[in-house]
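These values consider heavy atoms only, across backbone and side chains, with no hydrogens, waters or symmetry-generated copies. Indexing begins at 1, ligand by ligand and atom by atom, following the structure's order.
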Amino acid sequence: MPPAASLATTIAGSPLASCLYNASGPVCSTADELDALGGSDAGAILSKSATLEKRAGNPEPRYVETSWGSINSMGLPNEGYRYYLDYARRAQAFGKPYFMSVSGLSHDDNIDIIKALAREEAISAIELNLSCPNVPGKPQTGYDFDQSRVLLERIFEHVDQPLGVKLPPYFDLPHFDMMAAVLNDFPIAFVTCVNSIGNGLVVDTDTESVVIKPKSGFGGIGGDFIKPTALANVRKFYTLLREDIAIIGCGGVKTGTDAFEHILCGASAVQIGTQLMREGVGCFARIGRELSTLMQEKGYPDIDSFKGKLKSLD
Ligand code: DHB
């Protein structure tokens with residue numbers, strides 16, 4: 001056997017000992033949850049998407065697991081951005097990057113938050129969420145290419161730390177081109193593909209009812225079922241975006257093989273959401289071991305030796 005494979009990567013100029021870390025969403029809302037990520041094998045700590053003010057989120061039940069994944073309509077429950085800004089200093093104890101997810105309810109809110117984060121060196125990068133599907137009455141910015149450009153123009157007037165964006169999944173090939181044309185015009189450090197597939201509906205046949213309370217049962221779909229969509233988005237943006245924009249894969253990662261597929265499609269790091277919710281922070285060590293073993297078997301010493309090298313059949 002060749003020597004053990006390295007899972008190390010670099011995102012937004014910050015070195016990560018492992019390319020696996022949490023998706024913004026599950027178990028990253030409180031300082032205790034963030035500490036647990038810090039103490040785990042996750043390569044970075046990413047906060048829950050922060051709004052200007054603390055929010056209770058949508059009524060429960062608002063997260064349900066199914067055999068193939070999950071449906072959620074959390075509605076951005078979070079402690080408000082000041083809490084996650086304050087946490088940045090505490091995160092330094094773990095010796096890994098701390099990324100803050102920002103999801104203002106309006107462009108103005110996003111600008112206010114971004115301005116308030118400036119000069120906090122303990123925030124390694126910001127992940128601007130262009131894709132929360134769960135706030136009633138709020139369209140996702142990521143599906144409006146003009147609005148995405150308008151917001152990014154304003155954001156880059158004020159942002160201090162490296163900034164990436166979390167995108168919704170796209171399904172139509174011209175939409176990839178349209179979003180890539182916007183993103184390539186800005187000094188974006190990374191793009192996270194994908195957020196949940198918005199507004200699915202899960203039906204319980206026994207009760208003849210929906211399974212979550214908000215929005216008459218409509219919610220974001222995550223887990224196994226979304227992996228092909230996530231891989232398609234990683235692959236497309238990897239081929240369309242500037243080389244200096246890293247792709248972070250998110251969607252349907254349960255095993256080392258799933259993470260390998262994301263990296264093969266072009267991901268420089270891989271986030272874990274539904275499986276983290278199911279398994280807890282131990283998932284990072286397990287999936288890391290599985291990925292490292294697979295790389296070793298295939299003779300890949302590091303991520304860069306297979307990143308993006310997906311073959312076509314023609
Ligand atoms: C929530 C869901 C998302 O998919 C997201 O990007 C941000 C927040 C939520 O409902 O809390």
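Contact check on E60 versus K213 returns no salt bridge, with no Lys/Arg side-chain nitrogen under 4.0 Å from an Asp/Glu carboxylate oxygen. Between K227 and E261 there is a salt bridge, with a side-chain nitrogen of the basic residue lying less than 4.0 Å from a carboxylate oxygen of the acidic one. Look at R90 and D35 and you find a salt bridge, because one of the NZ, NE, NH1 or NH2 atoms lies within 4.0 Å of a carboxylate O, short of that distance. Between E120 and R89 there is a salt bridge, since a side-chain N of the basic residue sits under 4.0 Å from a carboxylate O of the acidic one.
The closest protein non-hydrogen atom to atom 7 (C) of ligand 1 is N129 ND2, 3.2 Å. The nearest protein atom to atom 1 (C) of ligand 1, hydrogens excluded, is given as C132 SG, 3.5 Å; this is a heavy-atom distance. Of the protein's heavy atoms, N134 ND2, 3.4 Å lies nearest to atom 2 (C) of ligand 1.
Residue contact annotation: G75 has a non-hydrogen atom under 4.0 Å from ligand 1. The closest approach between a heavy atom of K166 and any atom of ligand 1 is not below 4.0 Å.
Atoms of ligand 1 found under 4.0 Å from any heavy atom of L76, numbered from 1 in the order shown, are 7 (C), 8 (C), 9 (C), 10 (O), 11 (O). For ligand 1, the atoms sitting less than 4.0 Å from at least one non-hydrogen atom of S196 are 4 (O), numbered in the order shown with element in parentheses. Of all atoms in ligand 1, listed by their number and element, those nearer than 4.0 Å to a heavy atom of P77 are 11 (O).
For F284 and Y21, the gap between ring centers reaches or exceeds 6.0 Å. Between Y143 and H175, the ring center distance fails the sub-6.0 Å criterion.
Residue contacts with ligand 1: N195 is placed with a nitrogen or oxygen under 3.5 Å of a nitrogen or oxygen of the ligand (distance criterion only).
Neither the backbone nor the side chain of E127 has a heavy atom within less than 4.0 Å of ligand 1.
Remark: the T192 side chain and the E127 side chain contain an N/O donor-acceptor pair separated by less than 3.5 Å.
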